[in-house]
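Right, one structure below, let's go through it.
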Amino acid sequence: MGIEEQGGQKTAGTSTIAPAKGKLGVMVVGLGAVATTFIAGVEAVRKGLAKPIGSLTQMGTIRLGKRTDNTSPLIKDFAPLANLNDIVFTGWDIFDDNVYEAAAHAEVLDKEMLGQLKPYLETIKPLPAVFDQYYVKRLNGTHIKKGKNKRDLANQLIADIQAFKKTVDRVVIIWCASTEIFIKPTAVHETIESFEKGMENDDIAIAPSQLYAYAAMSEGVPFANGAPNLTVDFPAMVELSKKNAAPICGKDFKTGQTMMKTVLAPAFKARMLGVSGWFSTNILGNRDGEVLDDPESFKTKEESKLGSLDYIFQPELYPDLYKDLYHKIRINYYPPRGDKKEAWDNIDIFGWLGYPMQIKVNFLCRDSILAAPIALDLVLFMDLAKRTPSLRSIGIQEWLSFYLKSPQSAPGLYPEHDLFIQSMKLKNTLRHIMGQDLITHLGLEYYD
Ligand SMILES: NC(=O)c1ccc[n+]([C@@H]2O[C@H](COP(=O)([O-])OP(=O)(O)OC[C@H]3O[C@@H](n4cnc5c(N)ncnc54)[C@H](O)[C@@H]3O)[C@@H](O)[C@H]2O)c1
């Protein structure tokens, strides 16, 4: 089936999406709280010990055709996604703990659950990482590659990927490692040539995460970024992603506070309610919290968390409602809470004739429990993108913005942050690549 007309909408054919045959190799950068909860969770689901709650690819359905058709298959039965039983994990870390030891250290999953998964988790041992403490001040690892320059280190990562490729059929890489210091793109990030030269000259603006991304792109492997670092969001990497058909998709898992923000803010805007202030604060006690306690890593996270409201509220279109919005974000490292983050939002809104009101949100969440299903979905959808001819060569997979605090979009195009626009975009992309009619929610046909 090629491009064809269906119900007035152009849809692409399905026949060219390569099937999800064989093993999907998942290489995880950073085997900390999120990564081990993700890996242990996939194994728990495979063993029938728990359900993949929070994962759209495993539990979500997609409506096809008219509301009266009653056709809503599971997404995993509709799109040719890899089966969980076909996933093979490996990864890199700056500590040499195996995944069982790292998961026990992270204290996210209880001992009973981990005990049942121990024999499997112990078999996954990290490869030595590319790391430099200049970029993550609060960590000091021992399981680290040595090289004569950054290009040499990238080549060692390429060799790791090539070796893993020999054991599986396809590979996806996901960054679940620590947040690096804030870096602004420079001339070195402009073209593939300038970036390669920069690696040879050990340019300071090239952080380890960029070397992993470069290695992935060079090998035509999709790369998802769970942290807010500057990693794939610059021209050289976009160019390389397109050139080698290696999908990229923005950064920083949208899990707790920002997920709530991108649900509430669109509601206020839809109802033309003004917002004068939004104060967000968090306490967090895991290693991520410790890393973010460093001002330079916090700055990277802050920038990522701040972006959403400006784009959603469009103050240039609605100056009376949002021009004076004061938006403040704090993250406080508070060890007693571990991975169980608590977030508070105070939102000062105003309504008819400018009368003020307040909303308080208090989210007692579990960071890695929220992030793990996002990591799973990103991996499966990035693999699908790689097998889909109309997606793999476009580089940025904007349809996966749904999962990310900092979505990536084409140059000059503003990103969509509204969770429900993102959800519609994701599902319509699936309908599109599978040759189904898009759903616009117009619905006039029911009244003919
Ligand atoms: N949990 C969430 O809700 C959430 C949401 C958005 C983003 N994130 C981001 O996800 C990332 C992981 O979070 P976490 O809670 O698992 O943190 P963590 O500290 O438990 O794990 C990070 C791991 O990465 C390793 N690491 C650091 N630099 C590395 C490198 N260069 N190469 C290989 N390994 C490296 C560390 O040793 C550690 O094991 C963080 O950047 C965090 O900001 C988490």
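Order of appearance sets the numbers: ligands from 1, and atoms from 1 within every ligand. Heavy atoms only: backbone and side chains are in, while hydrogens, waters and symmetry mates are out. Throughout, residue positions are numbered sequentially from 1 according to the sequence presented.
- At least one test fails for R138 against the ring of Y333: distance under 6.0 Å to the centre or angle within 45° of the axis.
- Ring pair F89/F38 is perpendicular by interplanar angle, where above 60° counts as perpendicular and below 30° as parallel.
- No heavy atom of L370 sits closer than 4.0 Å to any atom of ligand 1.
- Of the protein's non-hydrogen atoms, G32 CA, 3.2 Å is the one closest to atom 21 (O) of ligand 1.
- Both the sub-6.0 Å distance and the 45° axial angle are satisfied by K137 relative to the ring of Y134.
- For atom 33 (C) of ligand 1, the choice among F131, Y212, Y403, F38 with the nearest heavy atom turns out to be Y212.
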Assess whether side chain to side chain contact (heavy atoms under 4.5 Å, CB included) is satisfied between K76 and T57, documenting all intermediate values. CA-CA 6 Å; K76 65 177 180 173; T57 59; 5.6 Å; no

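- At the top of the distance list for atom 37 (O) of ligand 1, counting protein heavy atoms only, stands D93 OD1, 2.8 Å.
- Of the protein's non-hydrogen atoms, A177 CB, 3.7 Å is the one closest to atom 26 (N) of ligand 1.
- Not a single heavy atom of V291 sits under 4.0 Å from any atom of ligand 1.
- The F95 neighbourhood of ligand 1 comprises atoms 37 (O), with distances under 4.0 Å to a heavy atom of that residue.
- When G30, A371, S178 are ranked by how near their heavy atoms come to atom 22 (C) of ligand 1, first place goes to S178.
- A salt bridge links R46 and E43; the closest N-O separation between the charged side-chain nitrogens and carboxylate oxygens is under 4.0 Å.
- Taken to the nearest 0.5 Å, the CD atom of E296 stands 11.0 Å off from the OH atom of Y135.
- When hydrogens are left out, the protein atom nearest atom 12 (C) of ligand 1 is C176 O, 3.1 Å; that is the closest non-hydrogen contact.
- Of all heavy-atom pairs spanning D160 and K145, the tightest one is OD2-NZ, 2.7 Å.
- Look at G141 and you'll find every heavy atom at least 4.0 Å from all atoms of ligand 1.
- Test F131, Y212, W175 against W92 for ring pair (Phe, Tyr, Trp, His ring centres under 6.0 Å) and you get one pass: Y212.
- Checking each of N332, N282, T281, N362 against E342 for a side-chain hydrogen bond (donor to acceptor under 3.5 Å, both in side chains) leaves exactly one that passes, namely N362.
- If you look at V130 next to ligand 1, the close heavy atoms, those under 4.0 Å, all belong to the backbone.
- Between the side chains of D339 and N286, at least one donor N or O lies within less than 3.5 Å of an accepting N or O.
- For the pair L426 and Y403, the tightest heavy-atom approach, listed with the atom from each and the gap, is CD1-CE1, 3.7 Å.
- If you check the side chains of K254 and Q422, you find a donor sitting under 3.5 Å from an acceptor.
- Considering backbone and side-chain N/O of D288, one or more are found under 3.5 Å from N/O of ligand 1.
- Near K405, meaning under 4.0 Å from one of its heavy atoms, ligand 1 places the atoms 5 (C), 6 (C).
- Under a 4.0 Å criterion applied to the non-hydrogen atoms of G226, ligand 1 contributes the atoms 6 (C), 7 (C), 8 (N), 9 (C), 10 (O).
- Among protein heavy atoms, the minimum distance from atom 19 (O) of ligand 1 is reached at R287 CB, 3.3 Å.
- With no hydrogens or angles considered, a side-chain donor-acceptor pair links S280 and K261 at under 3.5 Å.
- Residue V29 has no N or O atom closer than 3.5 Å to an N or O atom of ligand 1.
- Short contacts between ligand 1 and A129, defined as distances under 4.0 Å to a heavy atom of the residue, involve ligand atoms 32 (N), 33 (C).
- Remark: ligand 1 and A227 share no N or O pair separated by less than 3.5 Å (distance only, no angle test).
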Walk me through it: do T231 and K251 pass the test side chain to side chain donor-acceptor pair (under 3.5 Å)? CA-CA 8 Å; T231 301; K251 60 186 183 182; over 6 Å; no

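- In summary, the atoms of ligand 1 found under 4.0 Å from a heavy atom of F253, numbered by their order in the structure, are 5 (C), 6 (C), 7 (C).
- If you look at T255 next to ligand 1, the close heavy atoms, those under 4.0 Å, all belong to the side chain.
- For ligand 1, the atoms sitting less than 4.0 Å from at least one non-hydrogen atom of D252 are 6 (C), 7 (C), numbered in the order shown with element in parentheses.
- Per-residue contacts place W92 under 4.0 angstrom from the following atoms of ligand 1 (heavy atoms of the residue considered): 33 (C), 34 (N).
- Heavy-atom contacts of V34 reach the following atoms of ligand 1: 1 (N), 13 (O), 14 (P), 15 (O), 16 (O) (cutoff under 4.0 Å).
- Residue A33 places at least one N or O, backbone or side chain, under 3.5 Å from an N or O of ligand 1.
- Residue T179 places at least one N or O, backbone or side chain, under 3.5 Å from an N or O of ligand 1.
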